[in-house]
Structure formats: structure tokens, C-alpha cells
Asks: 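There's a structure below that I have some questions on.
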Amino acid sequence: MSVLVTDTTGVSYAEIRAGELHRLRPVPGDMRRGVGTNRRAVRHRRGLTVLTAVPETNVPVVNGAADASALSPAPKVPRDKGDADVAGVTAEGTVLAFGRRSANRPSPALYALPWGADAWRDIEVPADFRLSFVAGSAGDTAYVTGGVGGASADPNADERPALFAVDTSRGTVTELPLPDGGPARRRRDRWRLSSIDPTVGRLEDGAFHDDVIVACASYGEAFEHEVLHAADRGRGTWSAVQLQVGEGALAQYVDAHRTGYAFTGFGNLWVSRAGGPWERTALRERLAELLGASARELRAGPAALVDGRLLLAADGAVVSCAPDGGDPRVLCSYDEGTEIRCFVEPPAGGVGDA
């Protein structure tokens, strides 16, 4: 198992072996800056891509071998194109980035950097498409979350959740239909903020595999309210549940059986089978007992769902357990001056081990 850690020396690529954290080599850049997606280190078919902040680059990406050797910054996005935000990495190592809207650039902008390319490619995007993050991929196609509409000052007012297929070789973007009628709410969920309508808004970070999409969406003036979506395009089912304020999804995953998972900052694992109703399993107490900590004071850090196991950094330890909270294990402990920044994961939508 591989992780990226930070300490007084900077960022390092490390592996967990026999209960210990082994730092192997440095990673260039600054991991303290947010990049939107929780999936910041991706091991794909071509090697390893890390989303980080490298001085004097306009897109925060470094690429290298699968063991983090020979990491080097990706080519810059030309300055005349303005700033860009990385949206994720495909299974073939292609990085997508979206240009930020501004007065000088009112239309959407999308750039693709295939593995080994020396320049970013422009991809034309329809004016009413709002793209968010890479949720899955197959060959040259990246599946990207987002929304359609949102031309007004309040994008949530006239924007609807959407899923897109981006053909990086042909340079095309196509909307993939989601189930008719929008998401159903859990009957016993009080839907804490009645003004939230899950049929509007934009899908954000998530995972897409075998026609099942799991993603979150944010609402409110400060985006303080979060909703989990799960939809099965094949069966026509779509469910949503509102999280508590501040709960936030840390990791999303769809397994080989088309079951969606989302682990949140409150130590809850939410599960949806084939786009069906979300069910919650509270893992905070179990994790706290395993670590000998107070459940109320448990500090949950980065999380990942890799090959059917939940990985979590909390209270100076890396913990692994089954999705139902069973078979909990402490994989390693680390000192107070060390911080786990992220786990090395497969590409979004991938179901294999990283």
C-alpha cells in the first residue's frame, strides 16, 4: 500500500510494509493547496500522476513511474488560456483540466494532456455544459461529472446534474442521459434543508463504473450543504440523501458488483446498491475502539476505498476495514510530525488495487 506523506522535509512517497511507514523518495511540489478532488495520487496503466502545486506551473501535475521515480512537472497550460483546475486522471494517464471562467473567457474551456504529450490539447465544450471532475474512464473516453445550464448568477437555480463522456482522441464532449424523474429521497430522511432540490445543481467529485454513478453535490451560499447521489443508468434508478452540515464525502467508490460507497468526515459509510436508497453504517465508534481513542475526538484524515477495503488515516494511524466495518486492522502508526496527505489510488471508477 502506498501513500503520500508530509513532514518537515516536504512531501514523500511512502509504502506501508510490515506495520511500518517507509519513506522511499521525495515528491516535488506543495500538497497543502487544495485541488478540488480527493483523488490526488493516481496509479494508472502508464505510471503515477500526482496532483500537487509545483512552482511556476499553471496546472499542478507531476508524472512519473508507478513507484514515484522520475517524477517531473507536466507541461504548462499556456498563460494566454488563463488559469486551469485539474479535473482528474484517466486509466490511460490522460489528465483533464478545466479553464476557469472569467470576463475574458465566458465560455467553458477543457484541456487534455495525454500521457507523454508535450502540450495540452483544446477540447471544445458546448456553452451550457459545466464540467466538474473525472469519475471514470475507458480507453480514450473519460466520464466526467457536472451539470447542464447554470447561466444565471445563481447556477443552482437553473442547472441540472449531468454526466458527460469526453473522447480525448476525437476532442468531443457528449452528455450521457441520467434516469428520468431525478433522484428519489429516503423516506425516513427529513431532508434537513427543505430549500434543497436534488434535481438541480451540479454533480462534483465521484466515481462511475458499469453504468453506476456515485457523486456529491454542494448547495448553499458557502456550499455548506452536501448531497450524495447514486444513479444506475441501466436500471433507471436514482437516489439522493442530504448529509449533515460539515460531514462531507472523503471518498467515493463503485465496486465490481455495482454497489456504490461514500465515506464521510463524520465516520459514516453510506452504501447504495445499483442506484437504490442510501443506507448508513456508523463506523466512528468501531474505529475509535480499535485505536483506543475517544469517538467524539477522533480525527479522521484522508480516506480511500481501494479494492473493496476502506483505508483511513486517523489519530496517527492508518486503518483498514471491510465496507461494513468488519475485519478492522491497524496497518501502521506514525509520529506526530508526519501527516498522511493522501492514499495512492486507482483511477476514478477503477475497481482494482492501487
Side-chain angles (χ1 to χ4, degrees), residues 1-43 48-55 57 60-64 66-69 71 73 85-86 88-89 205 246-253 262-269 283-284 286-288 290-306 309-321 328-346 348 354:
M1 181 185 303
S2 308
V3 295
L4 298 188
V5 301
T6 56
D7 53 26
T8 56
T9 64
V11 185
S12 300
Y13 171 87
E15 292 185 354
I16 299 173
R17 303 173 183 167
E20 295 185 355
L21 189 64
H22 297 270
R23 293 170 177 79
L24 299 182
R25 51 190 60 89
V27 175
D30 183 355
M31 295 288 291
R32 292 173 297 181
R33 285 180 51 186
V35 295
T37 178
N38 292 317
R39 196 174 281 102
R40 300 193 59 171
V42 178
R43 182 177 286 134
L48 178 71
T49 296
V50 179
L51 311 188
T52 182
V54 181
T57 64
V61 176
V62 293
N63 290 322
D67 63 356
S69 60
L71 288 172
D85 296 315
V86 174
V89 187
D205 215 5
E247 184 171 3
L250 299 179
Q252 293 107 328
Y253 179 72
F263 183 76
T264 73
F266 285 4
N268 293 323
L269 186 71
L283 300 183
R284 194 177 189 88
R286 302 183 199 181
L287 295 172
L290 179 67
L291 297 172
S294 164
R296 178 174 295 182
E297 299 176 359
L298 183 71
R299 295 177 291 110
L305 284 151
V306 178
R309 298 284 295 182
L310 171 65
L311 308 176
L312 173 68
D315 278 27
V318 174
V319 178
S320 169
C321 67
R329 311 171 194 168
V330 176
L331 301 182
C332 76
S333 298
Y334 48 91
D335 57 56
E336 189 173 341
T338 298
E339 183 179 357
I340 303 292
R341 296 302 300 181
C342 66
F343 293 92
V344 177
E345 302 182 58

Asks: Considering non-hydrogen atoms only, spot the tightest contact between P302 and I340 and give its length.
Replies: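 For P302 and I340, the tightest heavy-atom pair comes out as CG-O, 3.1 Å.
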Asks: So Y334 and V5, side chain to side chain contact (heavy atoms under 4.5 Å, CB included) or not? Walk me through it.
Replies: CA-CA 10 Å; Y334 48 91; V5 301; over 6 Å; no
Asks: CG/L269 to CG/L312 distance, rounded to the nearest 0.5 angstrom?
Replies: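 Reported value, rounded in 0.5 Å steps: 11.0 Å.
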Asks: Minimum heavy-atom separation for G301 and L250, please, with both atom names.
Replies: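 In terms of heavy atoms, the two residues are closest at O-CD1, 3.4 Å.
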Asks: Short question: side chain of R329, backbone of S320 - any donor-acceptor pair under 3.5 Å?
Replies: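 It does not hold such a pair.
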Asks: Do P346 and V306 make a side-chain contact, defined as non-hydrogen atoms from C-beta onward lying under 4.5 Å apart?
Replies: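 Yes, at least one pair of side-chain atoms sits under 4.5 Å.
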Asks: Indicate yes or no for a side-chain donor-acceptor contact from R25 to the backbone of D67 under 3.5 Å, with no hydrogens or angles considered.
Replies: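 It does hold such a pair.
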Asks: Side chain to side chain contact (heavy atoms under 4.5 Å, CB included) for T6 and T338? Distances and angles first, verdict last.
Replies: CA-CA 6 Å; T6 56; T338 298; over 6 Å; no
Asks: R341 and T52: side-chain donor and acceptor closer than 3.5 Å?
Replies: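 Looking only at side-chain atoms, T52 and R341 do not form any donor-acceptor pair under 3.5 Å.
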Asks: When rounded to the nearest 0.5 angstrom, what distance separates CZ in R39 from CZ in F343?
Replies: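 Result: 13.5 Å between the selected atoms.
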Asks: Does V50 reach the side chain of V11, with side-chain heavy atoms less than 4.5 Å apart?
Replies: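 Sidechains of V11 and V50: no contact.
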Asks: For D205, is there any backbone N or O sitting under 3.5 Å from a side-chain donor or acceptor partner on Q252?
Replies: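 Present.
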Asks: Just how far is it from atom OG1 of T264 to atom CD of E247, taken to the nearest 0.5 Å?
Replies: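 Answer rounded to 0.5 Å: 3.5 Å.
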Asks: Return the minimal non-hydrogen interatomic distance between L4 and A41, and the atom names on each side.
Replies: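 Here L4 and A41 meet closest at CD1-CB, 3.9 Å.
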Asks: Measure the spacing between CZ of R296 and CZ of R284 and express it to the nearest 0.5 Å.
Replies: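 With rounding to 0.5 Å, CZ (R296) is 10.0 Å from CZ (R284).
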Asks: Output, in order, the C-alpha distance, side-chain angles, deciding distance and verdict of side chain to side chain contact (heavy atoms under 4.5 Å, CB included) for Y13 and L71.
Replies: CA-CA 11 Å; Y13 171 87; L71 288 172; 5.9 Å; no
Asks: For the CG atom of N268 and the CG atom of L283, what is their distance to the nearest 0.5 Å?
Replies: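 Between atom CG of N268 and atom CG of L283 there are 7.5 Å.
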Asks: Answer yes or no: is there a donor N or O on one side and an acceptor on the other, between the side chain of R23 and the main chain of A14, under 3.5 Å?
Replies: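 No.
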Asks: Could you pull out the closest heavy-atom pair between E20 and H22, with the gap in Å?
Replies: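 Looking at all heavy atoms of both residues, the shortest contact is O-CD2, 3.5 Å.
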Asks: Can you see which heavy atom on V330 is nearest to which on A317, and at what distance?
Replies: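 So the two residues come closest at CG1-CB, 4.2 Å.
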Asks: Apply side chain to side chain contact (heavy atoms under 4.5 Å, CB included) to residues V89 and L51 and explain how you reach the verdict.
Replies: CA-CA 9 Å; V89 187; L51 311 188; 4.2 Å; yes
Asks: Distance check, rounded to the nearest 0.5 Å: L311 atom CG versus C342 atom SG?
Replies: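 The distance works out to 12.0 Å.
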Asks: What are the two closest heavy atoms between A288 and S294, and how far apart are they?
Replies: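 Nearest heavy atoms, A288 then S294: CB-C, 4.0 Å.
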